[in-house]
Amino acid sequence: MDSQNPLAEFRLECQNSLADALQKLFPKKQIARLSLDKPPNPEFGQLASSLCFELAKQLGEKPLALAKRLVETLDKSKFSLIEHVTTAGGGYVNFHVDFAKFSALTIDSVRHFDTEYGFVKTDNPLKIIVEHTSANPLSPIHIGQARNPMLGDAIARTLKARGHNVYRHYYIDDVGRQSAVLSYGYEKLGRPKPEGKPDHFFGKIYTTTSCLVEINRLKKELERAKAVSATEEIMKLNRELDDWISVAAELKEKYRELFEALLEKIGKDKDPETTINELNKAYERGDEHAKQLIREVSELCLQGFKETLSCAEVFYDSWDWESEIVWSNRVQEILEKLEKTPYVSALGGVLEFDAEKATQKLKLKKELNLRESYEVPSLTLVRADGTTLYPTRDIAYTLWKFERAEKVINVIGMEQKLAQLQLKIALYALGYSNYADNLIHFAYNLVNLPGYKMSSRTGRYITFDEVMDEAVKRAYEEVSKRSPQLSEEQKQKIANFVGMGAVRYALVEVDPSKPVVFTWDRVLNFETNSAPYIQYSHARACSILRKAQRKPEKPAYNLLKEQLEHEIILAVSSFPDVFIEAAELLKPNLIADFANVLADKFNTFYNALPVIKAKPQELSDARLALVDSVRIVLRNALNLIGIVAPERM
RNA sequence: GGGCGGGUAGCCCAGUACGGAUAGGGCGCAAGCCUCCUAAGCUUGCGGUCGUGGGUUCAAAUCCCACCCCGCCCGCCA
């Protein structure tokens, strides 16, 4: 017999057995949930119930006495995977598994399901769009933004394995001021042909243009503030100006020629601000010149992104242009619909969405987990010049996504929490409460550099490309040191998956809600980073199986009596549980952690017990099968987080 | 000021949804282990006011309240 979830078989048997006994002892009592815990120590069995503590209190009895009565009442003739049941501590009921049977069930199941082991299918398969990365086509993807594709891709892989129909979408945010800023600078330079990787090339232009325009704007505002002697404001503007001036100094240092060229060209423009705004307006209208210019820039940047992402083995099913959403009139339609709701007001040309009013009228506070006293800030939908803002377009885009999927997961940084909330409220206001309920903002925290924030606008960032290159380079040095006998080609190959694995792992292992401080050491220290360790463990398992030169023909699983073997069997049997939890709660880091723990146990086993040379042959066969199951589970787990499981390294 | 997220060994992080038995790893540090399936490995040791103070409970890192520290957000930016 094989099972997709061996541990669940055992758990179910324990629960049924416990429920029967409770029924016999207390026919009238309803016990809501029979949850079982993993005991802290193998002497307490493999699953434990603490229900006697609570029950005893209700009955006015001693917990331990009750536990004993309960255990005596269990119908032992029905035991299959249960070996025996004991009481312990103040009143625990401890279930001990019959390892001879359980090992057979687990190992056979893993080897039978092989590439599918652990991937328990959902009862409710959905069409799910996972929108991730969606970095603006302005400057290269930096390591802070890279946390997004690493998480998004792991989530997409996990949900797919869970049996959902998953579509990975990249939202190309080509509409909006920032694209106009970049294109403005690019045009001022006479649309030069990109040197090197286009996203890196445009990144320099974007940062420099943005900085110069910003300084220009701040100076003007400062004059205006001085004219009316607004002391407070002057101080604030001066601070901002100082910041940008120091950014300018850095940029001048880094890209001298480009900086001088842009300084000169932009200097000739009396009012860059207006030119940029006009360009933005023209693009939204779909004017030919603007379209041609901004599309050219965006496409070129995307080429660079695709190159970067494919190095990281991240791919998409759809590239969605924000401009298409605007030009198709979808945004206009949504605005008209919103205007008919009682929550939108027009002040001059400006359209404002009163999110607080909508939340109150539709009684959403509880639903959205908001405090009653919290006032949701209102959202500007349309500027005075008639152009739209990002959240407005996002409402239209979200509806577009829901025409194609039942559930939408947006992998977006937590700094956009409010915008995502407002988006959701707008959906409710439009009457799409079903969509709103199925819209998930998967928020993750920022990756910072020690001491300061990474940002595209200021050019203070470390690119994803740079990190990957450095990781692979460093891995190459490491391989060369550890395995000088390998061929050049082999070394390259290993360096590649070790380096990339380390980068992936570093960004997936921590809980997404925690901030990560990027240090080269974190990614490149192969002692600290667990990815190479897990990969190495997998390779070791493969190596044993290869060296054995035989299949485990007559495995006697009852000979697997060592504590270490039992622990590995339990770990392997719990993979389906871990997988389900990771998929349901969208927690890819659970998979990373699980793989690390299993690798750990396996290495201990490797060191302590012989496999190929174990006697008798039936034991050796059983251990070979065990090693095979570890190999399969490590590989399946690594696949979920996009890390290569190598056969040799 | 308000909202949200985080605070667990010197450093990096699990564990908190659903309270359970002595709070787990890794790095670093100290001491060992290759006549044995890959030493990117293994073993042992040192190291903890689970931010602080209350409360609920047979039982609190986990739940409730208050406070402190860090981050993010509160834009006609995205």
Side-chain angles (χ1 to χ4, degrees), chain A residues 33 35 37 39-41 44 48-50 53-54 56-57 63 88-92 94 134 136 138 173 175-179 348-352 369-371 373-377 379-385 387-391 393-394 412-419 421 443 445-446 448 453 457 475 478-479 481-483 494 498 509-511 513-517 519 521-522 525-533 535-537 539-548 581 584-585 587 589-590 592-593 596-597 600 603-604 606-614 623-624 627 648-649:
Chain A
R33 240 191 29 231
S35 66
D37 305 306
N41 188 314
F44 300 136
S49 168
S50 55
F53 292 102
E54 206 185 331
K57 215 183 146 214
Y92 290 98
N94 293 333
S134 305
N136 295 352
L138 306 168
D173 185 14
V175 183
R177 240 187 75 90
Q178 73 293 338
S179 285
V350 178
L351 228 56
E352 198 79 14
N369 256 325
L370 302 173
R371 294 199 181 189
S373 59
Y374 175 63
E375 197 176 322
V376 187
L379 173 69
T380 305
L381 297 165
V382 178
R383 293 191 184 95
D385 70 358
T387 56
T388 55
L389 285 113
Y390 172 82
R393 291 171 244 133
D394 205 15
I412 298 178
M414 63 159 221
E415 70 277 9
Q416 292 205 44
K417 193 107 194 172
L418 175 60
L421 174 71
N445 215 316
L446 300 173
N448 295 307
K453 241 179 102 168
R457 247 164 45 113
E478 209 67 25
V479 190
K481 205 165 67 196
R482 294 175 200 258
S483 319
I494 293 170
V498 168
E509 72 167 337
V510 267
D511 186 322
S513 63
K514 300 199 180 193
V516 170
V517 176
T519 57
D521 190 63
R522 189 183 190 108
N525 183 338
F526 300 130
E527 298 300 323
T528 311
N529 191 303
S530 298
Y533 177 72
Q535 290 175 315
Y536 180 71
S537 312
R540 269 185 152 179
C542 291
S543 173
I544 293 177
L545 297 166
R546 194 167 52 234
K547 289 262 167 72
E581 196 177 343
E584 295 307 307
L585 302 180
K587 285 183 139 186
N589 54 312
L590 296 181
D593 197 50
N596 195 16
V597 170
D600 214 346
N603 278 316
T604 308
Y606 182 97
N607 211 258
L609 301 166
V611 176
I612 298 172
K613 289 182 183 163
R623 284 189 181 155
L624 272 176
V627 170
R648 295 168 200 264
M649 71 181 268

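If you're wondering where the values come from, they're calculated on a predicted model, not measured in any experiment. Atom set for the values below is all heavy atoms of this structure, side chains included, hydrogens, waters and symmetry mates excluded. Each chain gets a letter, A, B and so on, in the order its sequence line appears, and its residues count up from 1.
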Requiring both pairing distances under 3.5 angstrom, list the stems that contain RNA chain B and are made of three or more consecutive Watson-Crick or G-U pairs. B:1-7 with B:68-74, B:10-13 with B:24-27, B:29-33 with B:41-45, B:51-55 with B:63-67
Distance between P atoms of B/rG2 and B/rA66 (Å, rounded): 12 Å
Suppose you measure atom C1' in B/rU22 against the same atom in B/rG55; what distance do you get, rounded to whole Å? 26 Å
Looking only at B/rA40, B/rG71, B/rC58, the nucleotide nearest the A/Val498 side chain is B/rA40
Using the aromatic ring of A/Tyr374 (for Trp, its six-membered ring), decide whether it stacks on the base of B/rG2 within the limits of 5.5 Å and 30°. no
Please work out if A/Val376 contacts a base, only the sugar-phosphate, or nothing of the nucleic acid, heavy-atom cut-off 4.0 Å. nothing
Do A/Lys57 and A/Glu54 meet the salt-bridge criterion of a basic N to acidic O distance under 4.0 Å? no
For A/Pro377, answer base if it contacts any base atom (sugar-phosphate contacts may also be present), sugar-phosphate if it contacts only those atoms, and nothing otherwise; contact means non-hydrogen atoms under 4.0 Å. sugar-phosphate
B/rA39 base / A/Asn603 side chain donor-acceptor hit below 3.5 Å: no
So, is A/Thr380 close to the B/rC76 phosphate, meaning a side-chain N or O under 4.0 Å from OP1 or OP2? yes
Is the number of heavy atoms from other residues, nucleotides or ligands within 6.0 Å of CD (A/Glu584) greater than 12? yes
Pick out the pairs of N or O atoms, protein on one side and nucleotides 28-38 of chain B on the other, that lie under 3.5 Å.
from: B/rC37; atom 1: O3'; to: A/Lys547; atom 2: NZ; distance (Å): 3.4
from: B/rC37; atom 1: O2; to: A/Ile612; atom 2: N; distance (Å): 3.2
from: B/rC37; atom 1: N3; to: A/Val611; atom 2: N; distance (Å): 3.2
from: B/rC37; atom 1: N4; to: A/Tyr606; atom 2: O; distance (Å): 2.5
from: B/rC37; atom 1: N4; to: A/Leu609; atom 2: O; distance (Å): 2.5
from: B/rU38; atom 1: OP1; to: A/Ser543; atom 2: OG; distance (Å): 2.2
from: B/rU38; atom 1: OP2; to: A/Ser543; atom 2: OG; distance (Å): 3.3
from: B/rU38; atom 1: OP2; to: A/Lys547; atom 2: NZ; distance (Å): 2.3
from: B/rU38; atom 1: O5'; to: A/Tyr606; atom 2: OH; distance (Å): 3.3
from: B/rU38; atom 1: O2'; to: A/Tyr536; atom 2: OH; distance (Å): 2.0
from: B/rU38; atom 1: O2'; to: A/Arg540; atom 2: NE; distance (Å): 3.2
from: B/rU38; atom 1: N3; to: A/Met649; atom 2: O; distance (Å): 2.8
from: B/rU38; atom 1: O4; to: A/Met649; atom 2: N; distance (Å): 2.9

Between B/rG10 and B/rG6, how many Å separate the two P atoms, rounded to a whole number? 23 Å
With syn defined as a glycosidic angle within 90° of 0 and anti as the rest, where does B/rC34 land? syn
Is A/Tyr533 stacked on the base of B/rA40, with ring centres under 5.5 Å apart and planes under 30° apart? no
Proximity to the side chain of A/Lys587 - top-ranked nucleotide from B/rC73, B/rA21, B/rG15: B/rG15
Say you pick atom P in B/rA23 and the same atom in B/rA60; how far apart are they, in whole Å? 13 Å
Would you find a donor on one side and an acceptor on the other, under 3.5 Å apart, between the side chain of A/Ser543 and the backbone of A/Ala539? no
